[in-house]
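What follows is a set of notes on a single structure, which appears directly below.
Chain letters run A, B, ... following the sequence lines, proteins first and then strands; every chain starts at 1.
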Number of protein chains: 2
Amino acid sequence: MEVRELTYFVAVAEERHFGRAAARLGIAQPPLSRAIKAIEHRVGVPLFERTSRGVLLTAAGEVLLEDARRLLEASTAAVARARRAGSDQPRLVLVLKPGADGGMLAEVLREYEHAPDAVPVDLHTCGFREHAGLLRAGVGDVALIYGKDPDLAGLDSEELFREGQILVVAQDHPLAARPSITMDEVHAQPTPLWTGDGSVPRQGELPQLVALGRWIHLAPISAGHHLRRDVAAVPVSDAPELPVLLAWPEQHRSKALASFVRTAVDIAAERRSLR
Amino acid sequence: MEVRELTYFVAVAEERHFGRAAARLGIAQPPLSRAIKAIEHRVGVPLFERTSRGVLLTAAGEVLLEDARRLLEASTAAVARARRAGSDQPRLVLVLKPGADGGMLAEVLREYEHAPDAVPVDLHTCGFREHAGLLRAGVGDVALIYGKDPDLAGLDSEELFREGQILVVAQDHPLAARPSITMDEVHAQPTPLWTGDGSVPRQGELPQLVALGRWIHLAPISAGHHLRRDVAAVPVSDAPELPVLLAWPEQHRSKALASFVRTAVDIAAERRSLR
DNA sequence: TTACGTTACGGTCTCCGTAAAAATT
DNA sequence: AATTTTTACGGAGACCGTAACGTAA
């Protein structure tokens with residue numbers, strides 16, 4: 001099974017229409033039709049049910065679609081990683097959400113510079129829940145992830161520590177002056193609480209909306225250090241602790257990466273013991 | 001990057017020689033040389049250092065080799081799985097070492113027959129530490145694995161229970177008559193203890209060697225039920241408990257598989273609570 | 001009749017194999 | 001001189017696009 005064929009298959013599977021799929025692939029329908037037929041012949045089972053309004057996936061097609069998506073992702077990731085590994089000055093790409101640095105990133109970077117097998121670290125910022133995808137796509141080598149149930153498929157990870165949460169509200173919000181607050185109170189107050197569900201906001205949009213009093217949201221304590229001036233943070237006494245993870249592609253432990261992970265884990269352990 | 005190209009690359013990387021790689025691929029050297037050059041051009045970095053005695057992998061080549069092996073494995077697995085999913089009578093293939101049934105397999109199979117979404121279960125036996133490979137290759141859907149540190153890359157898993165161990169010795173071994181024994185005694189006695197390191201024995205070879213008094217080995221308690229007549233089992237009071245895992249390819253939870261896992265987990269939990 | 005997928009056909013592009021050449025020990 | 005990789009060249013096969021054809025709502 002060639003990746004060109006997988007690309008064709010995924011296009012048809014996602015468009016559920018040979019014509020649209022061909023357009024998306026930039027080819028004519030007939031070659032696409034032939035290619036799919038060839039695949040089905042080779043696999044030995046039909047992957048689509050042809051109807052006069054388009055196509056439907058068979059059970060086998062559903063199974064293949066899952067694998068095919070992963071394969072395509074992995075194949076582009078493979079060349080991306082090889083390319084970076086072969087560049088003159090190898091670097092480590094750390095993926096993180098802006099501001100979500102766990103309050104220890106600066107120290108980790110400082111320490112890592114002097115570690116054995118260290119290489120320069122590039123920071124690649126990303127949006128909500130994009131970490132795993134970027135690692136799997138070969139864009140990044142390692143990611144710093146906050147969250148309860150992150151998507152770790154195909155990744156190895158290590159928990160660095162857990163962190164309490166603060167509520168971020170507009171400066172003139174009724175809760176802004178409180179020294180502390182409970183989860184019940186968070187849910188009881190009227191301003192909507194941003195949960196990350198639904199549409200992903202553009203970069204920097206959420207702080208803006210919070211400052212305008214349209215939303216409030218929870219954040220890890222360490223994020224409180226670099227909030228906008230026009231918002232306030234209130235400790236939430238009984239908020240669940242957020243795990244802070246370091247994650248990297250499965251079995252991709254270059255020396256540079258292993259050394260970075262070790263440095264971060266050591267510093268995290270040290271900080272835990274200080275508390 | 002096409003999988004044909006990856007196949008070529010892996011062949012050269014593993015043979016470290018264009019000529020041998022070409023022979024293994026069943027093609028002539030020149031097309032192979034061209035193909036590799038094309039790949040290197042596309043990736044943008046050299047993957048091999050050509051010497052007059054063959055080739056060496058560059059750092060980028062090493063990185064790509066890891067990914068390429070996984071990709072090839074995954075691509076064959078994808079069609080294998082799709083083919084099985086599309087067969088007229090879908091089945092669930094359970095991979096396990098002969099005898100390593102956790103003492104509960106019969107009950108799980110019996111129970112599963114009546115579970116919702118159940119399909120017929122095929123048993124596929126395998127050798128020492130072959131489970132993961134067979135799952136990744138798409139040969140099996142789910143595996144029953146004993147062991148402390150199994151290879152779970154690319155797999156999801158669930159621990160069913162933990163089991164104590166017995167020492168399996170020849171019937172006329174000095175320890176055969178003991179009601180119980182400690183790990184210290186196991187290590188102190190003279191017959192070599194088989195640890196699974198080194199060469200993998202042929203199927204059924206180890207029991208033979210144990211019966212002949214050439215080796216002794218540890219086994220989970222449940223394996224004691226189907227030992228040869230000419231060996232004896234002695235409980236080891238302080239042996240570390242062996243985890244018994246159910247594992248399956250990451251994110252491949254068909255209804256049939258999910259139902260099987262649930263059945264097994266439920267029965268395991270029930271047995272734990274009975275103790 | 002319209003919208004989709006499939007066959008038929010001809011051209012092009014890629015890939016392969018044989019043969020000769022370059023490079024390194 | 002021998003071994004190994006690379007370049008040159010000619011042919012076979014794969015893939016694509018246009019056009020014509022089935023087929024179901």
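Minimum atom distance to the side chain of B:K37 is reached by D:dT6, of the listed C:dC4, C:dT6, D:dT6. Checking C:dC16, D:dT6, C:dG5 against every side-chain atom of B:P31, the shortest atom distance belongs to C:dC16. Closest to the side chain of A:S33, from the set D:dT5, C:dT25, C:dG5, is C:dG5. For B:F18, taking side-chain heavy atoms from C-beta onward, the closest of the listed nucleotides D:dT18, D:dT6, C:dG5 is D:dT6. Listed nucleotides C:dA8, D:dT6, C:dG5 differ in distance to A:R50; the shortest reach to its side chain belongs to C:dG5. Closest contact between the side chain of A:H17 and the listed nucleotides D:dG17, D:dT5, C:dG5 involves C:dG5.
Going from atom CD1 of B:I36 over to atom P of D:dT7 covers 14 Å, rounded to whole Å. In this structure, A:I27 atom CD1 and C:dG5 atom C1' are separated by 14 Å, rounded to whole Å. If you take CD of B:E2 and P of C:dC13, they are 19 Å apart, rounded to a whole angstrom. In this structure, A:Q29 places its CD atom 14 Å from P of C:dA3, rounding to the nearest Å. Rounded to whole Å, atom P of C:dT6 lies 10 Å from atom CZ of A:F48. Spacing between atom CG of B:L25 and atom P of C:dC15 amounts to 15 Å, rounded to whole angstrom units. A straight line from CD of B:E49 to P of D:dT5 spans 14 Å, rounded to a whole angstrom. Taking atom CZ of A:R16 as the reference point, atom P of C:dC4 lies 16 Å away to the nearest angstrom.
Between the side chain of A:E40 and the backbone N or O of A:L47 there is at least one donor-acceptor pair closer than 3.5 Å. Within the 3.5 Å criterion, the main-chain N or O of B:L72 finds a donor-acceptor partner in the side chain of B:S75. Between the side chain of B:R20 and the backbone N or O of B:E15 there is at least one donor-acceptor pair closer than 3.5 Å.
Between B:F260 and B:D117 the shortest side-chain heavy-atom distance does not fall below 4.5 Å.
Note on A:R4: only backbone sugar-phosphate atoms sit closer than 4.0 angstrom, heavy atoms only; bases stay farther off.
Residues A:A28 and A:S52 both approach DNA chain D. Their nearest nucleotides, taken by heavy-atom distance, put A:A28 toward the 5′ side.
Contact annotation: A:Y8 side-chain N/O to D:dC15 OP1/OP2 distance is not under 4.0 Å.
Residues A:E250 and B:R70 are not paired through a salt bridge, judged by the lack of any N-O separation under 4.0 Å between the basic side chain and the carboxylate.
In this model, a side-chain donor or acceptor of B:R34 finds a partner on the base of C:dG17 within 3.5 Å. A donor-acceptor contact under 3.5 Å is not formed by the side chain of A:R53 with the base of C:dG5.
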